[in-house]
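All remarks here apply to the structure that follows.
We use all heavy atoms of the structure for the numbers below, so side chains are in, but hydrogens, waters and symmetry mates are not.
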Amino acid sequence: MIQAHNLSYRTATGYAVKDMSFTLSAGGIHGILGHKGAGKTTLLHLLSGVLSATDGSLTVSGHDMSKDARAVQARIGYLPSAEPLYNSMTVSEYLDFIGEAKRVAPDKRFRQIKSALELTELSDEADKLLARCSLSVRRRVGVAQALLGNPDLILMDEPLRGLPPSDAKLLCELLEKLGSVKTLVVSSASLSDLAPLSRDILLLDGGTVLAHGSLSQLEARLSNTPTLALRVRADERALVDSLGRIDGVLSYTVTEYDKGIVSLTLEYEPSSALPSTIAESLSALGYTVLSVRSETLTLASVYASMKPAEPVKDKKAAPTSGKSKRGGGKR
């Protein structure tokens with residue numbers, strides 16, 4: 001259904017999406033998970049043809065988006081993060097307007113609107129002004145308009161954001177129904193929103209793909225990664241520079257810096273003797289190691305340690321380092 005290879009989108013200030021490569025198969029719900037600035041909305045804009053990639057390739061439903069974006073757009077439904085609603089219209093008037101804009105024939109348009117209202121449980125709200133609708137109703141109207149034209153692929157940008165639990169549950173049930181008959185790509189900044197819905201999750205960080213797989217695959221991959229949790233009395237920047245020079249360190253995540261104490265998790269090569277030598281190595285560099293313990297990573301713990309990040313900068317402006325630092329560092 002969707003194939004991306006080294007997909008990039010560059011702005012005047014840097015990369016919003018950088019070298020993304022992934023494949024999403026047809027059917028089910030595919031989750032895009034990331035904090036603010038991770039590249040979720042930009043990626044959805046590229047998938048929908050709102051933006052054109054500056055580098056790399058993107059194929060959707062067998063069509064090259066650089067050559068045939070209009071053919072793809074005719075088969076896509078899209079719900080942006082801010083519902084494109086007109087408050088002066090009723091729910092049914094708005095859906096009729098969108099159906100006409102999508103060039104759905106009048107007879108088909110009537111049937112599709114009726115079906116969309118029933119599926120989203122909005123039949124009783126059809127004659128209500130959008131200005132008087134609750135957030136839950138407005139969000140479901142956004143889903144209903146995305147269904148018009150009978151698209152094969154539906155893209156949704158944070159559809160669960162801001163909804164109270166009862167309304168979020170109702171919308172999740174709706175998404176599960178849609179995912180059984182169509183292909184959905186749903187973004188969110190909340191792992192708890194996506195985990196029960198998604199057949200796989202694309203984890204984004206700073207405009208890049210950090211990981212991709214089913215929840216069980218991602219958890220298994222993380223549980224097999226040897227990890228240490230450390231607390232060190234040090235200047236954060238100086239400690240990060242020092243970690244980059246210690247053999248065996250694969251990556252590190254600073255989880256907290258408070259009153260001169262750095263808390264971090266550190267991934268290391270399985271063959272390394274780092275668990276028994278890291279304290280001595282850091283002490284030799286002048287740091288006071290307060291604690292070292294082994295830790296098993298989970299997707300929730302890794303995601304919680306990541307921070308909202310700015311778009312990835314051009315390589316010319318990026319610092320040079322052979323290590324990775326989650327939560328804003330270079331990959």
Side-chain angles (χ1 to χ4, degrees), residues 1-26 30-82 84 146 151-159 161 183-189 194 200-213 251 306-331:
M1 171 64 77
I2 298 173
Q3 290 183 315
H5 180 67
N6 293 337
L7 184 67
S8 298
Y9 181 76
R10 184 175 179 177
T11 68
T13 57
Y15 285 95
V17 163
K18 179 69 172 176
D19 289 336
M20 289 191 183
S21 295
F22 59 86
T23 298
L24 303 180
S25 57
H30 303 279
I32 299 178
L33 176 65
H35 293 294
K36 181 179 180 181
K40 303 186 300 297
T41 297
T42 302
L43 177 56
L44 289 176
H45 284 170
L46 291 168
L47 295 178
S48 65
V50 173
L51 296 175
S52 298
T54 51
D55 295 290
S57 63
L58 177 63
T59 302
V60 180
S61 299
H63 296 276
D64 185 338
M65 289 296 286
S66 67
K67 300 176 181 177
D68 206 8
R70 288 193 176 184
V72 176
Q73 289 172 328
R75 305 302 306 157
I76 285 180
Y78 186 41
L79 173 62
S81 57
D152 302 315
L153 172 65
I154 301 177
L155 309 174
M156 298 185 179
D157 196 357
E158 301 201 49
R161 184 177 62 181
T183 303
L184 272 63
V185 178
V186 179
S187 77
S188 180
L194 292 181
D200 60 347
I201 291 176
L202 198 66
L203 178 59
L204 306 187
D205 183 35
T208 65
V209 176
L210 184 62
H212 180 213
S251 66
M306 294 163 58
K307 303 173 185 176
E310 296 300 321
V312 175
K313 300 299 182 182
D314 193 344
K315 286 183 178 180
K316 293 180 180 179
T320 56
S321 171
K323 310 296 181 183
S324 66
K325 179 189 175 186
R326 289 201 184 92
K330 183 185 173 186
R331 289 289 178 281

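- With values rounded to the nearest 0.5 angstrom, L210 atom CG is found 4.5 Å from L203 atom CG.
- In terms of heavy-atom proximity, S52 sits nearest to L46 at C-CD2, 3.7 Å.
- Side-chain atoms of H212 do not come within 3.5 Å of backbone N or O of S21 as any donor-acceptor pair.
- Looking only at distances, a side-chain donor or acceptor of T54 sits under 3.5 Å from a matching main-chain atom of S8.
- When all heavy atoms of L194 and S188 are compared, the closest pair comes out as CG-CB, 3.7 Å.
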* Start with the C-alpha distance between D200 and L24, add both sets of side-chain angles, then the distance that settles side chain to side chain contact (heavy atoms under 4.5 Å, CB included), and finish with yes or no. => CA-CA 9 Å; D200 60 347; L24 303 180; 3.8 Å; yes
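- Looking at H45, E158, H35 one by one, the single match for side chain to side chain contact (heavy atoms under 4.5 Å, CB included) with K40 turns out to be E158.
- If you take CG on D55 and CE on M20, they are separated by 13.5 Å, rounding to the nearest 0.5 Å.
- Only one option out of D157, I76, I154, I2 pairs with V185 in a side chain to side chain contact (heavy atoms under 4.5 Å, CB included); it is I2.
- Atom OG of S66 and atom CG of L58 lie 8.5 Å apart (nearest 0.5 Å).
- Of all heavy-atom pairs spanning P151 and A146, the tightest one is CG-O, 3.3 Å.
- Atom CD of Q73 is separated from atom CG of L153 by 11.5 Å, given to the nearest 0.5 angstrom.
- The closest donor-acceptor contact from the side chain of T59 to the backbone of G62 lies at 3.5 Å or more, if one exists at all.
- Here the closest heavy-atom approach between residue S187 and residue L44 is recorded as OG-CD1, 3.8 Å.
- Between L33 and I201, the closest heavy-atom pair is CB-CG2, 3.8 Å.
- Going from atom CG of D152 over to atom CE of M1 covers 5.5 Å, rounded to the nearest 0.5 Å.
- Atom-to-atom distance recorded for L43:CG and I32:CD1 is 4.5 Å, nearest 0.5 angstrom.
- Counting heavy atoms from C-beta outward, L202 and H30 have side chains that stay 4.5 Å or more apart.
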